[in-house]
Amino acid sequence: RLLSEQERKEHNLEYDQAFKAFEGIEPLLCNAYTQPRWEAAVAEWRGRLEGAESVIATNFRRQVAELISQPHLLLREFQRFSNVLQRPAIAAELSSERENLLSQLIEQLDQLEHDFDQHVR
């Protein structure tokens with residue numbers, strides 16, 4: 001989890017509150033007349049998420065700190081939370097972790113290539 005129960009409460013992201021903005025909106029029946037209401041609900045929902053993004057990034061960083069020397073596990077965590085990590089503010093805050101993962105993966109590939117070349121000769 002990237003947010004504790006207390007953090008979800010603080011940012012109004014509890015399960016019964018997170019999508020309250022969408023109450024009464026039929027997403028499959030959106031049209032030109034209901035579009036402004038839909039956009040307002042989406043904006044409210046995004047606003048709630050924006051308040052929690054810094055906390056999410058901090059919690060993710062803390063969660064993967066022990067995996068920093070194991071790129072395959074670190075990659076798995078990035079894949080596991082890929083939808084959340086694509087949010088612009090979170091992605092920007094975790095850019096150093098992504099760069100670190102990329103450099104470790106490149107290093108592993110170089111080592112594999114080197115080992116392969118040694119075995120072929």
Side-chain angles (χ1 to χ4, degrees):
R1 290 192 166 187
L2 295 178
L3 285 176
S4 69
E5 188 173 328
Q6 180 62 33
E7 291 165 336
R8 281 194 304 270
K9 284 180 184 178
E10 289 173 6
H11 296 284
N12 290 324
L13 292 173
E14 295 173 283
Y15 297 115
D16 60 337
Q17 296 293 318
F19 297 101
K20 199 166 189 90
F22 295 98
E23 281 183 356
I25 297 176
E26 297 290 334
L28 299 177
L29 299 177
C30 279
N31 57 42
Y33 299 106
T34 61
Q35 191 68 27
R37 188 168 176 217
W38 173 259
E39 290 174 358
V42 169
E44 181 181 331
W45 178 74
R46 285 185 177 153
R48 287 181 183 195
L49 285 181
E50 286 174 2
E53 286 178 336
S54 177
V55 176
I56 290 169
T58 301
N59 289 347
F60 181 79
R61 184 176 289 122
R62 191 177 312 127
Q63 193 169 326
V64 299
E66 60 195 36
L67 305 176
I68 209 75
S69 63
Q70 300 170 319
H72 59 288
L73 296 177
L74 187 57
L75 176 62
R76 179 64 190 116
E77 285 299 293
F78 270 88
Q79 290 172 332
R80 181 175 165 205
F81 296 109
S82 64
N83 289 336
V84 175
L85 299 177
Q86 289 176 13
R87 298 206 35 94
I90 294 174
E93 201 164 326
L94 295 173
S95 63
S96 64
E97 282 78 6
R98 283 194 332 271
E99 290 294 326
N100 183 21
L101 172 60
L102 180 61
S103 67
Q104 287 185 35
L105 290 173
I106 289 171
E107 189 176 306
Q108 271 191 340
L109 287 173
D110 290 344
Q111 183 63 43
L112 287 171
E113 184 178 19
H114 175 76
D115 292 348
F116 178 77
D117 288 344
Q118 293 299 319
H119 289 293
V120 171
R121 292 182 187 170

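For this chain, numbers begin at 1 and follow the sequence in order.
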Point-to-point distance, once rounded to the nearest 0.5 Å, from [atom1] of [X] to [atom2] of [Y]:
| X | Y | atom1 | atom2 | answer |
| --- | --- | --- | --- | --- |
| L29 | N31 | CG | CG | 8.0 Å |
| E66 | L73 | CD | CG | 9.5 Å |
| E77 | E97 | CD | CD | 13.0 Å |
| L74 | L105 | CG | CG | 8.0 Å |
| T34 | E39 | OG1 | CD | 9.5 Å |
| F60 | R80 | CZ | CZ | 9.5 Å |

If you look at every heavy atom in [X] and [Y], which pair is closest and at what distance?
| X | Y | result |
| --- | --- | --- |
| L3 | N59 | CA-ND2, 4.1 Å |
| F78 | R98 | CE2-CG, 3.4 Å |
| P71 | Q108 | CG-NE2, 3.6 Å |
| A41 | A21 | CB-O, 3.4 Å |
| L85 | I90 | CD2-CG2, 3.7 Å |

Side-chain heavy atoms of [X] within contact of [Y], under 4.5 Å:
| X | Y | value |
| --- | --- | --- |
| R48 | Q17 | yes |
| W38 | Q35 | yes |
| E93 | R61 | yes |

* **side-chain contact (heavy atoms from CB on, under 4.5 Å) between R1 and R8, intermediate numbers included** => CA-CA 11 Å; R1 290 192 166 187; R8 281 194 304 270; 3.2 Å; yes
* Apply side chain to side chain donor-acceptor pair (under 3.5 Å) to Q104 and N100, showing your working. => CA-CA 6 Å; Q104 287 185 35; N100 183 21; 3.1 Å; yes
* Does any donor atom in the side chain of Q111 or E107 lie under 3.5 Å from an acceptor atom in the other side chain? -> no
* Taking atom types as modelled and ignoring hydrogens, do the side chains of S82 and Q79 form a donor-acceptor contact shorter than 3.5 angstrom? -> no
Pairs of donor and acceptor atoms involving the side chains of residues 49-58, under 3.5 Å and at least two apart or interchain, shall be tabulated with distances.
from, atom 1, to, atom 2, distance (Å)
E53, OE2, R87, NE, 2.5
E53, OE2, R87, NH2, 3.0
T58, OG1, S54, O, 2.9

Taking [Y] as the starting point, is it possible to reach [X] by hopping between hydrophobic residues whose side chains are less than 4.5 Å apart?
| X | Y | result |
| --- | --- | --- |
| F81 | L102 | no |
| L94 | I68 | yes |
| I106 | L101 | no |

* **Those residues that, when tested against R76, pass salt bridge (Lys or Arg N to Asp or Glu O under 4.0 Å) (two or more places apart)** => none
* Asked: Does the E7 side chain pair with the main chain of S4, one donor and one acceptor, at a distance under 3.5 Å?
  -> yes
